[in-house]
S.K.: 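Have a look at this one before I ask anything.
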Amino acid sequence: MSLAPSQSAAMKPSKGKLPISVVTIIICSFAFIALLYTDTSRSLFKLKSCPRRNPVKKSKDRTAEDNLKNFQMDDRFEFDPEECTVNTGKWMFNKSFKPLYTDRSCPYLDRQVSCVKNGRRDSDYRRWEWQPDDCTLPRFNPELALKKLRGKRLLFVGDSLQRGQWQSFVCLVEWIIPEDKKSMKEVGSHSVFRAKEYDATIEFYWAPFLIESNTDHHIIADPKKRLLKVDSIDKHAKHWGGVDFLVFNTYVWWMSGQRLKTLWGSFANGEDGYVELDTPIAYKIGLKTWANWIDSNINPNKTRVFFTTMSPTHTRSEDWNNPEGLKCFNETKPVLKKKYWGTGSDKRMMSVVASIGKKMKVPVTFINITQLSEYRIDAHASVYTETGGKLLTEEQRADPLHHADCIHWCLPGVPDTWNRIFLAYL
């Protein structure tokens, strides 16, 4: 029996049309893809840009070991010196922050900078952290520092402020090294801290002018009797060879407030053949001598050269609108005025450093600490220090106008921040 025409037509699919089941699958597929795209695009557009600064964790007082545990988190935020202007920013008070060492826990600090040991009772000056405007400055990671120095020599060269930076660096790393795996040796102008397991040394060489003078080893207190051999440096520089990282500074010893007695050439006329020069001129000649030595003797493929800019002095309280003050004595907070600049930092001297650095063949990385240190009127040794190898007496402490040290910094303190910057560059 044959089927009716209407039934036969119903059994055959029409040409050019898809079965309902196929159409349903296609429609559902498109709907699923559209839904997936919508959800994904929503989530993409809702993503926030990466924060430029690590969120500050609120916590109770942490020990140095607690700080060490957070370094791995900090290391995820890579510091780019090409994009970060470390010298512009502000000091932020962080009451939960604890330094990695104290002047009692670190055995390598001079008494000159051991302020708490010498009787300073306030501690807020140790809890201010430098926060650049356009980047995150990593915390100092002692383990990372030692790994970077494995099999290498790091040498700080300069004056007592540079010695403070060296001592800060040593104290920041030494506490994670077992007692039998570290040593300190001092011979004349040269001090060497050794981390034995890392085959690394962190060294300091005393040369307050970088060039030679008659006050390098036996210090002459009277600036009028000092003589600078502005074109002679080999006596010091012979100790700088074979070093992987060189960090220089020189500033405060030049600032006697008087014209400087200078010698150059063969010194045939002896010490009587000096010429008095204005400080910036003498500084420029001396720094050129240093730059010429660097360009002639340093292989930039083997040695990296750094220069720490001038460390400001705070001896004139009128600078920060405290006419009743006695230099930096009794100051307990930084200057909070943006771009504050006092009379203790000579911009002429900074321009000399910048101009000479630009002309050098060997690249020099400048650790620009001047502006950020300008704010820290609260962090100097003040009356909690020594003079002539002896702690200040009660009578001397009662006379800060004549005895407060507003040049050197308490440790731990501001030089630790210099080393945070240095390690980030390293």
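The chain is numbered in sequence order, starting from 1. Since this is a predicted model, take the numbers as computed values, not measurements.
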S.K.: Distance only, no hydrogens: is a donor on one side chain within 3.5 Å (strictly under) of an acceptor on the other, for Asn419 and Ser168?
M.R.: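 Indeed, the side chains of Asn419 and Ser168 share at least one donor-acceptor pair under 3.5 Å.
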S.K.: To the nearest 0.5 Å, what is the distance between CZ on Arg111 and NZ on Lys390?
M.R.: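 Here the interatomic distance stands at 10.0 Å.
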S.K.: Rounded to the nearest 0.5 Å, how far does CG of Leu146 lie from CD of Glu174?
M.R.: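 Atom-to-atom, Glu174:CD and Leu146:CG are 10.5 Å apart.
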S.K.: Under 3.5 Å, is there a donor-acceptor pair between the Asn292 and Thr289 side chains?
M.R.: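 There is no such pair between these side chains.
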S.K.: Might you confirm whether atom NZ of Lys182 has over 12 heavy atoms from other residues, nucleotides or ligands at distances under 6.0 Å?
M.R.: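 Atom NZ in Lys182 is packed in, count exceeds 12.
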S.K.: Say whether Ser373 and Ser311, considering side chains only, have a donor N or O and an acceptor N or O under 3.5 Å apart.
M.R.: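 No, Ser311 and Ser373 have no side-chain donor paired with an acceptor closer than 3.5 Å.
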S.K.: Pairing donors with acceptors under 3.5 angstrom, does anything connect the side chains of His236 and Glu212?
M.R.: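 Judged by distance alone, the side chains do not pair up.
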S.K.: Contact between Trp341 and Gln371 at the side-chain level, heavy atoms closer than 4.5 Å - yes or no?
M.R.: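 SC-SC contact between Trp341 and Gln371 confirmed.
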S.K.: May I ask you to check whether Tyr425 and Phe306 place their ring centers less than 6.0 Å from one another?
M.R.: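 When the ring centroids of Tyr425 and Phe306 are compared, they turn out to be at least 6.0 Å apart.
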S.K.: Any side-chain donor paired with an acceptor under 3.5 Å for Asn249 and Gln165?
M.R.: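 Result is no, nothing qualifies.
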S.K.: Does any donor atom in the side chain of Asp416 or Tyr101 lie under 3.5 Å from an acceptor atom in the other side chain?
M.R.: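 Yes.
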S.K.: Under the side-chain contact (heavy atoms from CB on, under 4.5 Å) test, which residues partner Lys181, sequence neighbours left out?
M.R.: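 Counting only residues at least two positions away or on another chain, Lys181 forms a side-chain contact (heavy atoms from CB on, under 4.5 Å) with Ile177, Pro178, Glu197.
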S.K.: Would you say the ring centroid of Phe169 lies under 6.0 angstrom from that of Phe140?
M.R.: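 They qualify: ring centres under 6.0 Å apart.
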